[in-house]
Amino acid sequence: MPEKDTPAPNGTGRHGPRAIALVGPQGAGKSTLFEAMLAAAGSPLKRPTEARDRTMGTETRLGHCTYLGESFALLDCPGSVEFAHEAASALAIADMAVLVCEPDPTRALGLAPVFRMLEEQGVPCLVFVNKIDTMAESSVRETMEALQTQSRRPLVLRQVPIREGEEITGYVDLVSERAYRYRRGEPSELIRMPEAVVEREREARTVLAETLADHDDALLEKLIEDSVATPEDLYRVMHQDLVAGAVDAVLLGCAERGGGVRRLWKALRHDAPDVVETAARRGLDPALEGPVAQIFKSVHTGHGGKLSYARIWRGPLKDGTTLEGTRLGGITRFPGLEAEKVPEAASGDVVALGRLEGLATGRTISTGKDTAQLPFPAPLPPVHALAVATEDRKDDVRLTAALGKLMEEDPSLSVTQDAELGQILIEGQGDIHLQTAVARLGKAHGVKVTVAKPRTPYRETIRRPVRQHARLKRQTGGHGQFADVTLEIEPRGRGEGFAFIDKIVGGVVPRRFIPAVGESAEESTRKGPLGHPVVDIAVTLVDGGFHSVDSSDMAFATATRMAMQEGLAAAGPVLLEPIHHVSMYVPNGFTAAAQRLLSERRGQILGYSEREGWPGWDEVQALVPAAELHGMIIELRSMSMGLGTYVHRFDHLAEVQGAAAARAAAAG
């Protein structure tokens, strides 16, 4: 007998479509599950799985479908840590998340960033242990234990697998105590519970009931009285705990074969909150009138202009409505994965809104003024940078516009125009992140660029004080040019900057010319004898001379520049490099490797400690030269299962020593 759906006792009255975000580490099978869920709901994809390319894992895919009469929007989120902000943005508008993972306990480490993201945003979650057909004989308990080490919420197992020899052929639902056999691409078949699984099922059901009883006095009292928890008891408490984010339920399946997909659908149908509940959780003011939506993703299309993907917190929202002073120009819905223009969107819908120029990702929008903004995740600080330049200088203006659109589409990208180094820097979460952005510049915006390693903003200072005299005396016919200055140039403490001091007495340099001396002295520090800006020096004007006719501001500025050039070269110039404070985060099994990586990059280890709120993770503190940061994230992730990351900030300048000084000089 095929598996039937029985509505949970708590009822399923809903207000509009529900949004479900599929999240999890790269390679767990999210996209396969996404497609299997659409197929199970009767919305097969027109595009085959084999047609996916790498870009499919860098952006959230959106699809709508109906399961057993209820409407859902599915969001297939990227799994790479480099595109974590894309997933976090989808979670901001989701009613519930499905965290997809593998049954291998050794890969549970990769779930920590996802669990933290869910916990920080308070999103209810179902865990779907995918690829159950690869689970070893004794690994169900080990997998659950490994998953629990990464989650701060209690995890409750909803199913135990049924094995026939080495193969997992079905499961037992611990709430209903019914056994099912998987059927590829079809609903599971109800079967008699095998004797071999009875004892394991009872043990697992007891653990489930006891965990739920921690959050419900009525259920706890029943268990204390040695009464058996009924399915109705467990459904009720499970639903309230999931919605409250008190527990995460764990389901088993194999998306590639369709195993467990319909059971996942039914769990979502029974337990996922609706848009009204989620809007309240997110803090939407119930007194706010009219349609309210929140933009979670922006895309610039070649011909259709800008599309703002949004969740409709309160509808209906009709095409042509004016939102925040901008007239809406089109509403697109996505049945399956196909785009479909619709005249209006209902509460709960996830749609693309057209022509909302100037309204940024994360913005809460309505027909009123000064709409209160709902929470939206901030992007992580960048950890990798590339210098970009157009292949054709005629495209420079187009590049500026294209980079602006890229940042609007992906707020985790940032762009800096460094006039000193003559570079445009694009910064993000890793090499693939930036290479994807560069590819999009060419493909979507028609701007071809070259990339290079960013230059390091070196500085210079001096080791010893000097006294430098310079005289300008020129006759060019008519008025000549005359100025005489004597400067004392001396080093200051690190970080004290530039200072100009006037010690002229007796009027040997008239007051009106002294500002020109100070300005020229400071301007001369923009490029020192080693080719970099000069910092932390004091310049004192101690003596000079003038001519009543031939002296001028220009003459004194020129004489000062001559004295500064000669004086700085004679004062023992030294090269300084920026040193950054780095906080590196890794699972504690990789702490020693992280310390070696920092040391190899001339880092000074300051110490390490447990990472607060991240069980099993460490934080390593170090001081690292900025020149060594480029590419460090690539090495770090390579040696930490793709999990390690860091944040950094400028700390101080330090003299470049040894071989590093030679490399810096060669680099210019």
Side-chain angles (χ1 to χ4, degrees), residues 19-21 23 58-62 73 75-78 81-95 97 113-114 116-123 275 278-285 288 290-301 305-315 317 321-326 328 331-332 345 347-382 403-415 426-429 433 437 440:
I20 309 299
V23 295
T58 65
E59 295 183 286
T60 297
R61 288 195 295 171
L62 171 62
L75 298 106
D76 176 22
C77 303
V81 294
E82 297 192 24
F83 300 93
H85 186 69
E86 183 86 1
S89 299
L91 287 174
I93 56 91
D95 298 309
V114 190
R116 294 298 87 75
M117 198 185 302
L118 292 166
E119 292 158 4
E120 287 168 4
Q121 296 201 47
V123 183
V275 65
T278 303
R281 171 174 63 80
R282 299 292 293 170
L284 182 67
D285 183 357
L288 199 62
V292 182
Q294 186 172 22
I295 301 169
F296 70 96
K297 180 178 174 64
S298 301
V299 175
H300 291 272
T301 64
K306 179 184 174 182
L307 290 178
S308 301
Y309 286 76
R311 181 81 192 276
I312 310 302
W313 292 120
R314 183 184 298 126
L317 175 62
T321 300
T322 298
L323 299 165
E324 309 294 320
T326 304
L328 176 58
I331 302 175
T332 304
S347 297
D349 265 332
V350 182
V351 293
L353 307 177
R355 300 179 185 174
L356 295 182
E357 305 296 335
L359 297 181
T361 301
R363 181 83 172 266
T364 305
I365 54 179
S366 74
T367 53
K369 295 181 179 179
D370 301 321
T371 305
Q373 297 299 297
L374 299 181
F376 197 77
L380 295 171
L403 288 173
K405 290 179 179 179
L406 270 187
M407 287 190 291
E408 192 173 13
E409 293 175 335
D410 183 357
S412 63
L413 288 171
S414 59
V415 175
I426 180 171
E427 299 176 288
Q429 295 304 306
H433 187 207
R440 185 162 177 78

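In this chain, residues are counted from 1 in sequence order.
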Could you tell me which residues satisfy side chain to side chain contact (heavy atoms under 4.5 Å, CB included) with V81, sequence neighbours excluded, listed by chain and number?
R637

Identify, with sequence neighbours excluded, every residue that meets side chain to side chain contact (heavy atoms under 4.5 Å, CB included) alongside R355.
none

Tell me every residue that passes salt bridge (charged side-chain N to carboxylate O under 4.0 Å, His left out) with R440, counting only those two or more places apart in sequence or in another chain.
E409

With sequence neighbours excluded, tell me which residues meet side chain to side chain contact (heavy atoms under 4.5 Å, CB included) with L307.
T301, Y309, A352

Who pairs with T321 by side-chain hydrogen bond (donor to acceptor under 3.5 Å, both in side chains), at least two apart in sequence or on another chain?
none

Could you tell me if the side chain of S89 sits less than 4.5 Å from the side chain of K297, heavy atoms only?
no

For E357, all residues meeting salt bridge (charged side-chain N to carboxylate O under 4.0 Å, His left out), sequence neighbours excluded
none

Salt bridge (charged side-chain N to carboxylate O under 4.0 Å, His left out) filter on D410, not counting sequence neighbours, yields none

Which residues pass the side-chain hydrogen bond (donor to acceptor under 3.5 Å, both in side chains) test with K405, sequence neighbours left out?
none

Would you say T364 and T371 are linked by a side-chain donor-acceptor pair, where the criterion is simply a distance under 3.5 Å?
no

What residues, two or more places apart in sequence or in another chain, satisfy ring pair (Phe, Tyr, Trp, His ring centres under 6.0 Å) together with F83?
H433

Under the side-chain hydrogen bond (donor to acceptor under 3.5 Å, both in side chains) test, residues paired with Q294 that sit two or more places apart
W313

For A293, all residues meeting side chain to side chain contact (heavy atoms under 4.5 Å, CB included), sequence neighbours excluded
A310, I312, I365

Test item: M117 and H85 side chains (from C-beta on) under 4.5 Å apart, heavy atoms
no

Sequence neighbours excluded, which residues qualify as side-chain hydrogen bond (donor to acceptor under 3.5 Å, both in side chains) partners of Q373?
none

